[in-house]
Amino acid sequence: MYGLWKPRVLGAWKVPATGPVILAVNHSHNIDGPMVIGVAPRPSHFLVKKEAFVGPLDPCMTRLGQIKVDRDTTDRTAVMRALGVLENGGVLGIFPEGTRGEGDFAALRAGLAYFAVRSGAPIVPVAVLGSTDRPGRLIKALPPLRSRVDVVFGDPFEAGDGSGRRTRKALDEATERIQKQLSSHLENARRLTGR
């Protein structure tokens, strides 16, 4: 990432140095995940749609520990692998919106709340800004080479209410808390970076 673009990483020190943690990343461009993987202070395992595991990317992503997920069904294998990452004290990366979009955390899916409440791992919000500012001249699908992309890590927070409940209502409440925290972080990141 540092060879192709000029990432400016802010707040990486906020990611807990040990223990399980979930990185909740906004997603507006296809380089957002690789950018966070490349600049995060700890190795991370992202939930990635199975469609991305094609050709030479498949063995590469698998070796890097990325988790293939079928978004059209409840992919129990992916869920168990993701929980295993957290149980082993690792870093799990999730795009809580479920797919690439505006990257504004406006519509969260329940997966992030499930993993956070089930594992008790803190969530670190991550805002990737600048990846969609303009297309590259050589490869239109990528940001211009050597352009600046900001990656802003936020303060860790707990998604649960402390009760340990994992009911549907508890997950819905956790999702609301998460959305407020992520939206607030994105607003602060935009103010901090001027984007």
Side-chain angles (χ1 to χ4, degrees), residues 1-17 21-49 51-52 57 61 64 66-67 69 71 91-113 115-116 121-159 175-195:
M1 291 295 122
Y2 285 97
L4 296 173
W5 293 281
K6 294 190 289 189
R8 180 171 61 167
V9 182
L10 305 171
W13 58 271
K14 295 179 181 183
V15 177
V21 66
I22 299 171
L23 301 180
V25 184
N26 69 324
H27 195 25
S28 57
H29 197 282
N30 56 7
I31 71 154
D32 295 342
M35 183 64 70
V36 173
I37 291 168
V39 303
R42 292 176 59 189
S44 53
H45 306 272
F46 270 76
L47 286 168
V48 181
K49 64 182 179 180
E51 294 85 0
L57 284 179
M61 290 174 63
L64 289 172
Q66 305 318 307
I67 302 169
V69 65
R71 297 179 303 167
V91 179
L92 178 65
I94 296 179
F95 300 111
E97 297 160 297
T99 188
R100 202 168 46 239
E102 294 298 314
D104 57 4
F105 295 124
L108 302 188
R109 297 177 78 174
L112 175 56
F115 288 116
I123 297 171
V124 173
V126 183
V128 180
L129 304 169
S131 58
T132 59
D133 285 354
R134 63 187 204 278
R137 288 184 322 166
L138 298 174
I139 304 172
K140 300 282 186 218
L142 296 174
L145 296 177
R146 305 303 299 148
S147 63
R148 191 180 87 210
V149 177
D150 292 322
V151 181
V152 185
F153 293 88
D155 293 317
F157 67 92
E158 301 292 329
T175 299
E176 285 182 37
R177 281 191 293 280
I178 291 168
Q179 186 161 25
K180 286 178 185 169
Q181 290 277 355
L182 297 182
S183 295
S184 174
H185 171 66
L186 184 59
E187 184 180 318
N188 289 336
R190 285 182 173 146
R191 190 169 40 253
L192 183 65
T193 61
R195 291 186 182 263

Identify all side-chain donor-acceptor contacts of residues 7-14 below 3.5 Å with residues at least two apart in sequence or on another chain.
from, atom 1, to, atom 2, distance (Å)
Arg8, NE, Asp150, OD1, 2.8
Arg8, NH2, Asp150, OD1, 3.3
Arg8, NH2, Asp150, OD2, 3.1

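Put simply, the side chain of Val152 reaches to within 4.5 Å of the side chain of Thr193, judged on heavy atoms. Inter-residue side-chain proximity for Leu182 and Leu112 is flagged as met; some heavy-atom pair is nearer than 4.5 Å. For the pair Arg42 and Val15, the minimum side-chain heavy-atom distance is below 4.5 Å. At a threshold of 4.5 Å between non-hydrogen side-chain atoms, the residues Phe153 and Pro125 do not count as touching. Side-chain contact check for Ile37 versus Leu64: every heavy-atom pair is 4.5 Å or farther apart. Contact annotation: the side chain of Val69 never approaches that of Val48 to less than 4.5 Å [non-hydrogen atoms, C-beta and beyond].
With Arg191 contributing its side chain and Leu186 its backbone, the two residues share no donor-acceptor pair below 3.5 Å. Listed for the His185 side chain is no donor-acceptor partner under 3.5 Å among the backbone atoms of Val124. Although no hydrogens or angles enter the test, the distance criterion places no donor-acceptor pair under 3.5 Å between the side chain of Asp32 and the main chain of Val128. A distance-only check finds no donor-acceptor pair linking the side chain of Gln181 to the backbone of Gln179 [under 3.5 Å]. With Arg177 contributing its side chain and Ala159 its backbone, the two residues share a donor-acceptor pair below 3.5 Å. Counting only distance, with no hydrogens or angles, the side chain of Ser184 and the backbone of Lys180 share no donor-acceptor pair below 3.5 Å.
In this structure, Phe46 and Phe95 have tilted ring planes: the angle between them lies in the 30° to 60° band.
Taking all atoms of both residues into account, the shortest heavy-atom contact from Arg195 to Arg148 is NH2-O, 3.0 Å. Here the closest non-hydrogen pair linking Ala113 and Ile178 is CA-CD1, 3.7 Å.
One finds the OG atom of Ser44 at 6.0 Å from the CG atom of Leu23 (value rounded to the nearest 0.5 Å).
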Can you check side-chain contact (heavy atoms from CB on, under 4.5 Å) on Leu92 and Ile67, steps first, answer last? CA-CA 9 Å; Leu92 178 65; Ile67 302 169; 4.0 Å; yes
Between Asp155 and Phe157, does the side-chain contact (heavy atoms from CB on, under 4.5 Å) criterion hold? Intermediate values first, please. CA-CA 6 Å; Asp155 293 317; Phe157 67 92; over 6 Å; no
